[in-house]
Amino acid sequence: MLEITRIRASKEAIAEGLQKRGVDYSEQLDETIRLDEAWRAVKGKREKIKAESNKLSKSIGQFFKEGKTDEAEAAKERTKTLKAEEQELKEHEQELEEQLQNALYEIPNVPQDIVPAGTSEEENEVVEEHGARREYTFDPQPHWELAKAGATIDFELGVKVTGAGFPFYKGKGAKLQRGLINFFLDEANKRGYEEFIPPLVVNEDSGIGTGQLPDKEGQMYHVTEDDLYLIPTSEVPLTNIYRDTIIEKKDFSEKMTSYTPCFRREAGSYGKDVRGLNRLHQFDKVELVRVEHPDRSEKALEEMVDHVKGLLEKLGLEYRVLRLCGGDLGFTAAITYDFEVFSAAQEKWLEVSSVSLFETFQANRLKLRFRDEDKKTRLCHTLNGSALALPRIVAALMENHQNEDGTISIPEALQTYVGFDLI
RNA sequence: GGAGAAAUGGCAGAGCGGUUGAUUGCACCGGUCUUGAAAACCGGCAUACCGAGAGGUAUCGGGGGUUCGAAUCCCUCUUUCUCCGCCA
């Protein structure tokens with residue numbers, strides 16, 4: 001959520017920045033300004049009346065103490081009219097406040113200057129490419145064929161027990177998952193991220209805090225009985241640790257990591273790119289979350305990008321880094337770098353990580369602040385990134401490291417983690 | 001799941017209808033004293049919003065109500081503790 005003070009101060013610049021998302025928000029911005037002004041006017045009026053009646057109430061107490069019953073009764077009468085007036089204004093005020101809040105919820109974050117304009121993924125900017133395309137002397141198999149042949153992942157069994165998008169990993173397939181998780185967590189630990197095991201279900205406040213609610217309600221599994229949501233990413237519980245907090249530390253830099261399963265309904269995305277591990281309802285992910293001083297958030301973003309690059313290199317995968325264009329940028333992000341690995345058999349790029357800086361957009365909703373040098377509270381910057389999401393990494397590892405006989409070589413960095421070098 | 005008790009500022013802990021945003025202690029910050037430190041003493045010390053400012057408004061777990069007036073009374077929800085039951 002953008003700060004209303006910021007919209008007030010630089011509406012034009014914000015409207016211009018938002019153009020990069022391919023949608024014109026000027027009308028909505030005007031609407032927030034209008035609502036904000038109306039709201040403040042009504043609020044001011046109401047508070048004045050309230051102040052007067054507060055004063056009267058105090059005097060009533062005084063009158064009673066002094067035994068001036070007549071004066072007290074007279075004052076009582078006067079407060080009655082004030083109260084009625086105040087009540088009316090209060091209703092109007094609350095209405096305006098709610099409208100303003102809703103209007104603000106609908107405006108996405110402003111893309112940073114270097115974010116390219118664009119409306120589709122075609123316009124994402126490839127900023128880096130690493131690793132060589134492997135030449136095959138045989139027809140590389142897609143990972144779902146390899147999984148079947150090697151009995152490492154069982155999709156049909158998942159359908160039987162739960163439904164599509166909930167595979168079973170078996171034997172070496174399961175061990176590979178576990179190995180990757182440990183590898184990713186260790187790498188995060190090395191870079192100073194504290195490890196967490198968070199709850200996998202969160203309440204409504206947390207969903208609102210990180211921006212999943214109220215808009216993207218359909219994306220999460222909702223446990224209606226208890227009004228809780230299955231997390232679509234551990235960004236939600238990790239970032240919400242800092243909801244309603246003021247960081248008092250001077251040179252803070254909060255770095256957290258956690259492995260969790262992630263649950264996504266993926267409503268409306270059936271049919272395309274859903275084969276095998278490409279799009280699941282439940283998948284594993286190691287996530288990085290950071291809370292930073294605004295002056296240090298750019299550097300933090302660079303560090304995270306660097307971290308993810310290191311992981312992909314250690315896994316021996318060909319990858320590229322994209323700077324998402326405005327239209328492809330998430331609602332809450334100011335800038336996002338996507339990492340894609342090349343899938344040999346599918347002949348396409350698979351997104352395996354997304355690293356984003358939210359600036360104050362999440363912090364504003366979270367009420368996550370720090371104490372500035374002049375003792376004032378200011379909003380922090382938040383960041384997060386996957387390091388990494390497992391299924392597509394597994395798909396890429398299987399496809400890119402497959403051998404002609406259907407076996408799969410495990411990259412060296414991973415061998416000590418999984419306990420074997422060939423599947 | 002049943003029965004009781006409780007929820008107040010960073011912490012501890014008063015207040016139980018009327019100048020209470022809230023006594024007090026600890027912690028913390030500044031000062032005096034001291035060669036320095038400790039002790040002692042003095043002062044400061046919640047957050048948000050509105051306002052150029054003076055100041056105003058709101059907040060004593062959340063929401064609602066009674067009242068001219070609520071931290072204080074009532075309803076409701078949540079959480080914590082104790083006891084019982086059930087269970088990994």
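From a predicted model like this one, the values you see are computed outputs, not experimental measurements. So you know, we letter chains A, B, ... as the sequences are listed, proteins then strands, and number each from 1. What's counted below: heavy atoms across the whole structure, side chains too, no hydrogens, waters or symmetry copies.
- Taking atom C1' on both G51(B) and C60(B), the two are 27 Å apart, rounded to the nearest angstrom.
- Nucleotides U79(B) and G31(B) place their P atoms 47 Å apart, quoted to the nearest Å.
- The residue Arg78(A) sits apart from the nucleic acid: no heavy atom pair falls under 4.0 Å.
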Bracket notation of RNA chain B in which parentheses pair within the strand, [ ] cross earlier pairs, and | pairs with another strand (Watson-Crick or G-U, under 3.5 Å): ((((((((.[[[..)..(.....]]].(((((.......))))).(((((....))))).[[[[[..)....]]]]])))))))....
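- Counting any heavy atom pair closer than 4.0 Å across all strands shown, Ile60(A) reaches a base atom.
- Across U57(B) and U20(B), the matching P atoms stand 15 Å from one another, rounded to whole Å.
- Atom P of U8(B) sits at a distance of 36 Å from the matching atom of A88(B), rounded to the whole Å.
- Of the two residues contacting RNA chain B, namely Arg40(A) and Lys55(A), the nearest-nucleotide position lying further toward the 5' end is that of Arg40(A).
- Counting any heavy atom pair closer than 4.0 Å across all strands shown, Ala51(A) reaches sugar-phosphate atoms only and no base atom.
- For the pair Gln94(A) and Asn54(A), both in contact range of RNA chain B, the more 5′-proximal nearest nucleotide belongs to Asn54(A).
- The aromatic rings of Phe331(A) and Phe361(A) stand perpendicular to each other, their planes meeting at an angle above 60°, with 30° marking the opposite boundary.
- At the heavy-atom level, Arg8(A) lies under 4.0 Å from the strands shown only through sugar-phosphate atoms.
- For the pair Glu47(A) and Lys43(A), the salt-bridge criterion is met [side-chain N within less than 4.0 Å of a carboxylate O].
- At least one cation-pi condition fails for Lys175(A) and Phe420(A): the charged atom is not both under 6.0 angstrom from the six-membered ring centre and inside a 45 degree cone around its axis.
- A salt bridge links Glu77(A) with Lys80(A): at least one charged nitrogen is closer than 4.0 Å to a carboxylate oxygen.
- Ring planes of Phe370(A) and Phe252(A): tilted class, angle from 30 to 60°.
- With a 6.0 Å radius and a threshold of 12 heavy atoms from other residues, nucleotides or ligands, Gln415(A) has its CD atom above the threshold.
- With sequence neighbours excluded, the residues forming a salt bridge (charged side-chain N to carboxylate O under 4.0 Å, His left out) with Glu128(A) are Lys309(A), listed by chain and number.
- For the pair Glu303(A) and Lys299(A), the salt-bridge criterion is met [side-chain N within less than 4.0 Å of a carboxylate O].
- Note on Thr79(A): only backbone sugar-phosphate atoms sit closer than 4.0 angstrom, heavy atoms only; bases stay farther off.
- Nucleotides of RNA chain B that come within less than 4.0 Å of any heavy atom of chain A span, from the 5' end to the 3' end, G18(B) to G69(B).
- Using P as the reference atom, G21(B) and C26(B) are 25 Å apart when rounded to the nearest Å.
- Under 3.5 Å, the side chains of Ser206(A) and Asn203(A) contain a donor-acceptor pair of N or O atoms.
- When the C1' atom is compared between G2(B) and G56(B), the two are found 49 Å apart, to the nearest whole Å.
- As rounded to the nearest Å, A5(B) and G10(B) have P atoms that lie 28 Å from one another.
- Looking at Glu399(A) and His143(A), their side chains do bring a donor and an acceptor atom within 3.5 Å of each other.
- As judged by a 4.0 angstrom heavy-atom cut-off over every strand, Ser59(A) is placed among residues making no nucleic acid contact.
- For the P atoms, the distance from A46(B) to A22(B) is 10 Å, rounded to whole Å.
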